[in-house]
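Inspection log for the structure reproduced underneath, given as structure tokens.
This structure is a prediction, so every number in the text was calculated from the model and none was measured. Here is how names work: the chains are called A, B, and so on, in the same order as the sequence lines, proteins then strands, and each is numbered from 1.
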Amino acid sequence: MSTMIEVRDLTFAYPAQEEEQQQGTVALRNVDLTIEKGSFVAVLGHNGSGKSTLAKHMNAVLLPSGGRVFVQGCDTLDEQQIIAIRRAVGMVFQNPDNQIVANVVEEDVAFGPENLGVPSADIRRRVDEALAAVGMDAFTRHAPHLLSGGQKQRIAIAGIIAMAPQCIVLDEATAMLDPAGRREVLATIEKLHREMGITVVLITHHMDEAILADRVVVMNEGRVAMDGTPTEVFTRVEELEEMGLTVPDTVQLLYRLRAAGYDVPLDALDVESCADAVFGALN
Amino acid sequence: MESIIRVDNLTHTYGVGTPFQRSAVEGLSLDIRRGEFLGIIGHIGSGKSTLIQHLNGLLKPSSGTIYLDGADIWAEPKKIRSVRFRVGLVFQYPEYQLFEDTVRKDIAFGPKNMGLAADEVERRVLAALSAVGLDESVLDKSPFALSGGQKRRVAIAGVMAMEPEVLILDEPTAGLDPRGRESILQMLREYHEKRGSTVVLVSHSMEEIARNAQRIIVLSGGGVCMEGTPAEVFARADELEAVGLDVPQSTKIAAALRRRGMAVEGSIFTVDALARAILPKKEVGSC
């Protein structure tokens, strides 16, 4: 697999805000991380762990204080490369209401490609395809502010898809949604990853969302604390809890059974396989 | 239990006379009981926000009546301000509403507006600050110099300082990590226990509601679609999913085990309860 994003010895400090503060707040410390093309990586961590700061380095919204970030080989510190980098990596943020710029859905989705100077016939095609990809093609002429949170967030994702990026970074994009909205957005992300081969970086607090990824990176105090498959990471129950994170109920239950002396696997992450494991052990 | 707030046949229509005319709440009736910890859940667009903005008179019903302690809150529209002091509303992401240059002034804003004497305002600021678990050392700092979680606590303290009889919070834990969420909920449980005042928690997290609320009201399509104790409401998993909601994961595991023929007794919302239900008694450890 080739490399999509390479983070090399990245350090970042936010500038000092108050006079009494001599130095700024260090948010990232010597982070090394390589995101492979076509992978689906979830980044977990408590508030202040540095996960959002890391995400914002992936398309040059923030620039390193130390170290380097390369997007498809382009250095984010090189101003000449910024446009290529922003084309390659699209970001979706937490609040759908802050990301919508137009009064009509299709115009909103067209905003990105228009700014990239895409010819208008191509824009039409890209907008239609992007709206179809997120399952919102029935809402082309609707007013975005009258849509539900999940629908708005899918419009925001369509706006990114229309720019034809290789990678999408979602920074807590489901945090403000209800369970149905979260399900819609996650299903959309999975589909884009599976069918279009888009690289996905999903920043989240929700452990059950991280299960969908093929790799989970846990951030703590500005460093990468764990990196592995969901199974490898979630079975480290005690360490996760020490970092202020919780593991899914399924893993917690299996962990309790193990502590009570039952021979159960810890890697049954979804409800049905957990129930199978518990049923097998107790009967 | 007697009711402190009664909503009778409330309808609220936005954009009357425009092509966007839409009723967010229609013919809704419910009771909020004095001293209870009530959870309200519902998908986005179910009418939750519209409903709670009626409870302290921020929105006026298109039709229907809101009673506070038996009195119609709109009987004398000029006195609606006093309703806002008695029913405190904490909005989503309340930290965006901080505006003063010190934490002390921000928390004092509400009680000052109530026309209280300076020493009473000061007493309330200190009490609210301690209720949200912040130290007096933050009082003279700018609220904007605090962390996100601290800012949210200051914003909640600003409403608590009015000492409302009913405290309503719209998704107070949104955007926080598990530890931050639990500490806000812990704070609310203590506030509820110590003051005995009514707390209404609006949330998208089924786990949160299951673990904290004494009673749950489920909204869908602008009306009440279910009501009951957490045990009663979360027993209806299929209906909850049909209205865009969910049940806690432990509840799902319990259901999956029952389908496999295992006897899992009682209502299960937490891993603790599930472990107690399925493990022989002496083996239950705590985690």
Side-chain angles (χ1 to χ4, degrees), chain A residues 17-18 20-21 44-49 94-95 143 145-152 172 175-184 205-208 237-238 240-241 243-253 255-257 259-262 270-276 278-280 282-283, chain B residues 15 20 22 41-46 48 92-93 141-142 144-145 147-149 171 174-182 204-207 240-241 243-262 269-272 274-275 278-280 282-287:
Chain A
Q17 284 184 329
E18 280 185 66
E20 61 204 75
Q21 242 179 317
L44 290 174
H46 61 80
N47 288 37
S49 63
Q94 192 179 87
N95 189 343
H145 70 279
L146 297 174
L147 301 175
S148 76
Q151 289 172 330
K152 283 188 222 172
E172 295 191 43
M176 296 181 75
L177 305 181
D178 59 20
R182 279 178 57 199
R183 284 196 290 266
E184 279 170 25
H205 284 322
H206 291 282
M207 309 299 145
D208 46 341
V237 178
E238 281 163 3
L240 286 168
E241 283 178 351
M243 286 189 265
L245 295 172
T246 50
V247 294
D249 286 2
T250 48
V251 178
Q252 273 188 50
L253 181 68
Y255 192 76
R256 296 275 287 266
L257 255 62
Y262 291 93
D270 67 281
V271 168
E272 292 301 323
S273 50
C274 171
D276 281 337
V278 171
F279 188 72
L282 288 177
N283 268 33
Chain B
F20 303 114
R22 190 174 67 91
I41 55 179
H43 58 87
I44 294 181
S46 61
K48 300 186 299 283
Q92 270 183 44
Y93 294 86
K141 286 195 180 166
S142 160
F144 303 101
S147 76
E171 295 215 51
L176 299 180
D177 59 25
R179 193 177 282 170
R181 286 203 286 267
E182 186 45 40
H204 281 149
S205 162
M206 304 301 131
E207 275 83 4
L240 284 171
E241 269 186 45
V243 297
L245 298 172
D246 211 345
V247 297
Q249 203 186 25
S250 288
T251 310
K252 288 187 195 166
I253 304 171
L257 287 170
R258 288 185 190 120
R259 279 200 302 278
R260 283 164 178 74
M262 191 184 273
F269 318 122
T270 63
V271 174
D272 269 329
L274 182 53
I278 63 175
L279 285 172
K282 64 179 171 52
E283 292 180 67
V284 180
S286 66
C287 156

Measuring from B/Asp177:CG to A/Glu172:CD, what's the distance to the nearest 0.5 Å? 9.0 Å
May I ask you to name which of B/His204, B/Glu171, B/Arg260 has the most heavy-atom pairs under 4.5 Å with chain A? B/Arg260
B/Gly244 versus A/Pro179, closest heavy-atom pair with distance: O-CB, 3.7 Å
Between A/Arg182 and B/Asp246, does any NZ, NE, NH1 or NH2 come within less than 4.0 Å of an OD or OE carboxylate oxygen? no
So A/Tyr255 and B/Val271, do their side chains get closer than 4.5 Å, heavy atoms only? no
Side-chain contact, heavy-atom cut-off 4.5 Å: B/Glu182 with A/Thr246? no
Report which part of A/Leu44 has an atom under 4.5 Å of a heavy atom belonging to chain B: side chain, backbone, both, or neither. neither
Can you tell me how far the SG atom of A/Cys274 sits from the CG atom of B/Leu257, to the nearest 0.5 Å? 7.0 Å
Under a 4.5 Å cut-off applied to non-hydrogen side-chain atoms, are B/Arg259 and A/Phe279 in contact? no
With a 4.5 angstrom heavy-atom cut-off, could you sort out which part of B/Ile278 is near chain A: side chain, backbone, both or neither? both
Pick one of side chain, backbone, both or neither for A/Thr250, based on which atoms fall under 4.5 Å of a heavy atom in chain B. both
Look at A/Arg183, A/Met207, A/Gln94 and state which one has the largest set of heavy-atom pairs under 4.5 Å with chain B. A/Arg183
Can you tell me how far apart CG (A/Leu245) and CZ (B/Arg179) are? Round to the nearest 0.5 Å. 8.0 Å
Heavy-atom side-chain proximity of A/Pro248 to B/Gln249 below 4.5 angstrom: yes
Check: A/His46 and B/Pro178 side chains under 4.5 Å, non-hydrogen atoms: no
Okay, A/Asp276 and chain B: the region with an atom under 4.5 Å from a heavy atom over there is both
Could you tell me the separation between the CG atom of B/Leu279 and the CG atom of A/Leu253, rounded to the nearest 0.5 Å? 7.5 Å
Going by an N to O cut-off under 4.0 Å, is there a salt bridge joining B/Lys252 and A/Asp249? no
Counting only N and O atoms by type, is there a donor-acceptor contact under 3.5 Å from the side chain of A/Asn47 to the main-chain atoms of B/Leu176? no
A/Glu272, part contacting chain B, at a heavy-atom distance under 4.5 Å: both
